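Values below: every heavy atom of this structure, side chains too, minus hydrogens, waters and symmetry copies. If you're wondering where the values come from, they're calculated on a predicted model, not measured in any experiment.
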Amino acid sequence: MKESKYSRVSKAMLAGATVALGLSAYASNPVADEKIAVAKASIQRAEQSGAPQAAPVELATARDKLARAEKANMDHNLKLATALAEQANIDAQVAEATAQLQRAQKAAAEFDASMQALRQESMRNTPPTQ
């Protein structure tokens, strides 16, 4: 029984599709990719919140872990990539929270100073009691 030309082409296409599918599954891991994307977004939020000045160590740690996660992902070490991305996300959140805390403390100090100035002003304008 002779194999037709179309049958051989179909088998070759099927084999090629199987290989391509296998390579694409090996090339990317949606979980690690997602965790890395979340960490990147957290780092960007931290940078915008003032973390470079308020929490430079925490932000640098987050950036370092993100870079290591990306390298591990490229090396197909998906477990390590996921773990490092999660750690980078947490470090970035700590940096952002530290920046927010410092802003809140500064605002509270400014409010206290304003209240003190108002108290002093009201004491000056009050006539002495007899």
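A donor-acceptor pair shorter than 3.5 Å can be found between the side chains of Ser42 and Arg45.
The minimum heavy-atom distance between Ala39 and Ala88, with the atom names listed, is CB-CB, 4.1 Å. Shortest non-hydrogen contact noted between Ala51 and Ala99 is N-CB, 3.7 Å. Of all the heavy atoms in Ala85 and Ala69, the pair that sits closest is N-CB, 3.6 Å. Closest heavy-atom contact between Leu59 and Ala95: N-CB, 3.9 Å. Between Ala54 and Thr98 the shortest heavy-atom distance is O-CG2, 3.8 Å. Across all their heavy atoms, Lys65 and Asp91 have their closest contact at NZ-OD2, 3.0 Å.
Using modelled atom types, one side-chain atom of Arg103 and one backbone atom of Ser49 make a donor-acceptor pair closer than 3.5 Å.
Note that the CD atom of Glu70 and the CG atom of Asp33 stand 10.0 Å from one another [nearest 0.5 Å]. With rounding to the nearest 0.5 angstrom, the CG atom of Leu80 is 10.0 Å from the CG atom of Asn73.
Residues Leu66 and Leu84 have side chains not in contact (no heavy-atom distance under 4.5 Å, counting atoms from C-beta outward). Two residues are said to be in side-chain contact when any heavy atoms from C-beta on lie closer than 4.5 Å; Lys71 and Met74 fail this criterion. Residues Lys35 and Asn89 are not in side-chain contact: their nearest non-hydrogen atoms beyond the backbone lie 4.5 Å or more apart.
Cluster partners of Met115 are Phe111, Leu118, counting Ile, Leu, Val, Met, Phe, Trp and Tyr whose side-chain heavy atoms approach within less than 4.5 Å, directly or via other members.
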Report the C-alpha separation of Gln102 and Lys106 in whole Å, then their side-chain angles, then the decisive distance to 0.1 Å, and conclude whether the side chain to side chain contact (heavy atoms under 4.5 Å, CB included) test is met. CA-CA 6 Å; Gln102 284 191 4; Lys106 182 180 177 186; over 6 Å; no
